[in-house]
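Numbered from 1 within each chain, the chains take letters A, B, ... in sequence-line order. As the structure is a computational prediction, the values presented were derived from the model and not from experiment.
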Amino acid sequence: MIDLRLLRDNPDAVRASQRTRGADESLVDVLAAADAARREAVQRADDLRAEQKAASQAVRGASPEERPAVLERARGLAAQVKEAEEAEREADAALREAHLTVPNLVHDGVPAGGEDDAVTLRTVGEVPTYDFAVRDHLEIGEALGAIDMERGAKVSGARFYFLTGPGALLEFALAQLAITRAVAAGFTPVVAPSLVGPRAMEGTGFLGAHEEEVYKVERDNLYLVGTSEVALAGMHMDEVLDLSGGPRRYAGWSSCYRREAGSYGKDTRGIIRVHWFDKVEMFSFCPPEEAADEHRRLLAWEEEFLQALELPYRVVDIAAGDLGSSAARKFDIEAWFPSQSTYRELTSTSDCTTFQARRLNIRYRGEDGKPRIAATLNGTLCAIARTIACLLEVHQQADGSVHVPVALRPWLGGVERLTPGMSLAAPLPVPAA
RNA sequence: GGAGGGCUCGCCUAGUGGCCGAUGGCGGCGGUCUUGAAAACCGCUAUGGGGUAACACCCAUCGUGGGUUCGAAUCCCACGCCCUCCGCCA
């Protein structure tokens, strides 16, 4: 939800933001009108209530003779209040509806345009070359006994998989590496629920345009999260946080579920695009003034993680038309996938400014001691399945083995290579090299 | 799934139809006293909306939503959450 005061003071800024997104500018005027209408309705109801309150008080002090007349007047006012309150409710609902249609204001500097207008900020690492026929991650994974799509489909349907043997170990190794690095950077590690109630889902903006993407458990009125961002943001709803010691940062691990509606035919092979995967997500609460800096920090942690995995990547600044409704700015990191000879999204970090927090009522105490709406930011540290896919492809060797990045070895029993048919080393902690 | 108990201001608590936005204590902030601190004493100490240049002022909020009533923290209904016991269970 955008700030209505800002809308009142500077509607042109909101219109300009809509234009950059390629979104409907007239929604801004609808919202402004709904806001004005609501204020009018509130004022009317408030005034009537004040009058009725006074009339009510008068009932007590009335003498027996005047009592009937006073009561009559109070009764009449009560009826009027009821009507005015009904109108107020309607105006409220209309405002809310209009409010939900307007996405967050985009930051200055966000590229205009859509999916194809993302700007590459930098490219890091050498694109690898191979002097043998490159295999895709599924071929490699199957040869290693790491990925089993067929049985995933048998048990759960398309876009489900089993990670087996070295694949399962890789999952845990990546989770460990991600969490360990996050903790070292000062994040509080969190294991978050992947089933959440409607408020958290709606508050984070996932029940709007992308509702089709979400699995719902109808019977219990719960949703499966597409990212632990939902639970992490919801964790502090209706709270006033103490941010005097700096941003509040969480690294949340959870399973993530996505219906992938509308992605038919895309990435049907392997585990790049699946209905379920596990992810370590960074989430940060901070004062709005600090959000842009915090965003850069999240991006830096993402980059360092990929560097530790020895993966070449590029950083892109997502164009306004391709931002989610909550984001004011978004950076994706795309890593190189040799089988596709292209960079593919591996992580994504969004600055949601106060947009989510306003809906979820997440505040912090300002220096004046007054509560203010906080900013929220999120960023992928490691989307595990897709990262496994990328690792297998980038680090594949001519003989079918796969190089293990040094940083991962402590959680893989110290092995330097994954080899078809290898006996699995017990993943006992090995001191980092 | 069944049976009970509970949900009031940061925390604990008083309050069973108007005098209650709400008592008292703790905590926090400011002051008096003190070389300093503690103790003691005094004062302040919610949030949201509307309104204002800023105040003033008005409205709402006692888990949530309805209802009864001129008037509800207090009465009625539904729901949510927490606790205890029983059943089931990783």
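A salt bridge is absent between D317(A) and K330(A): the closest approach of a Lys/Arg side-chain nitrogen to an acidic carboxylate oxygen does not fall below 4.0 angstrom. Using a 4.0 Å cut-off between charged nitrogen and carboxylate oxygen, R39(A) and D35(A) count as a salt-bridge pair. Taking a cutoff of 4.0 Å between a charged side-chain nitrogen and a carboxylate oxygen, E90(A) and R38(A) do not qualify as a salt bridge. A salt bridge does not link R365(A) to D242(A): none of the charged side-chain nitrogens sits closer than 4.0 Å to a carboxylate oxygen. Between E202(A) and R96(A) there is a salt bridge, since at least one side-chain N of the basic residue sits less than 4.0 Å from a carboxylate O of the acidic one. Between E289(A) and R372(A) there is a salt bridge, since at least one side-chain N of the basic residue sits less than 4.0 Å from a carboxylate O of the acidic one. The pair E25(A)-R19(A) meets the salt-bridge criterion, since a charged nitrogen lies less than 4.0 angstrom from a carboxylate oxygen.
Protein chain A contacts RNA chain B from rG18(B) to rG71(B), reading 5' to 3' and using non-hydrogen atoms of the protein with a distance under 4.0 Å.
Taking atom C1' on both rU69(B) and rG31(B), the two are 47 Å apart, rounded to the nearest angstrom. Using atom P as the reference point in both rG21(B) and rC58(B), the two lie 12 Å apart (nearest Å). Spacing between rA72(B) and rC20(B) at atom C1', rounded to whole Å, works out to 11 Å. A gap of 14 Å separates the P atoms of rG2(B) and rA78(B), to the nearest Å. Using P as the reference atom, rG28(B) and rC33(B) are 22 Å apart when rounded to the nearest Å. Across rC42(B) and rG25(B), the matching P atoms stand 10 Å from one another, rounded to whole Å. The same atom, C1', is picked in rU74(B) and in rU61(B); the two are 16 Å apart, to the nearest Å. rC75(B) sits 15 Å from rG18(B) when the C1' atoms are compared, rounded to a whole Å.
Separation of the F283(A) and F285(A) ring centroids falls under the 6.0 Å cut-off.
A donor-acceptor contact closer than 3.5 angstrom links the side chains of Y250(A) and H236(A). Under the 3.5 Å distance criterion, with hydrogens and angles disregarded, no donor-acceptor pair is assigned to the side chains of T204(A) and Q356(A).
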#### Entry: Which nucleotides of RNA chain B pair, in dot-bracket form (Watson-Crick or G-U under 3.5 Å, | meaning another strand)
((((((((.[[[..)..(.....]]]((((((.......))))))(((((......))))).[[[[[..)....]]]]])))))))....
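Residue contacts for R8(A): at a heavy-atom cut-off of 4.0 Å it reaches the sugar-phosphate backbone alone, with no base atom in range. Across all strands, R49(A) comes closer than 4.0 Å only to sugar-phosphate atoms, never to a base (heavy-atom distances). R44(A) comes within 4.0 angstrom of no nucleic acid atom, judged by non-hydrogen atoms across all strands. As judged by a 4.0 angstrom heavy-atom cut-off over every strand, E72(A) is placed among residues making no nucleic acid contact. When heavy atoms are screened at a 4.0 angstrom cut-off, A55(A) is found touching no nucleic acid atom at all. As judged by a 4.0 angstrom heavy-atom cut-off over every strand, R199(A) is placed among residues making no nucleic acid contact.
Between R75(A) and R372(A), the one whose closest nucleotide on RNA chain B sits nearer the 5' end is R372(A). Closest-nucleotide positions on RNA chain B for D46(A) and R39(A) were compared, and the one nearer the 5' end corresponds to R39(A).
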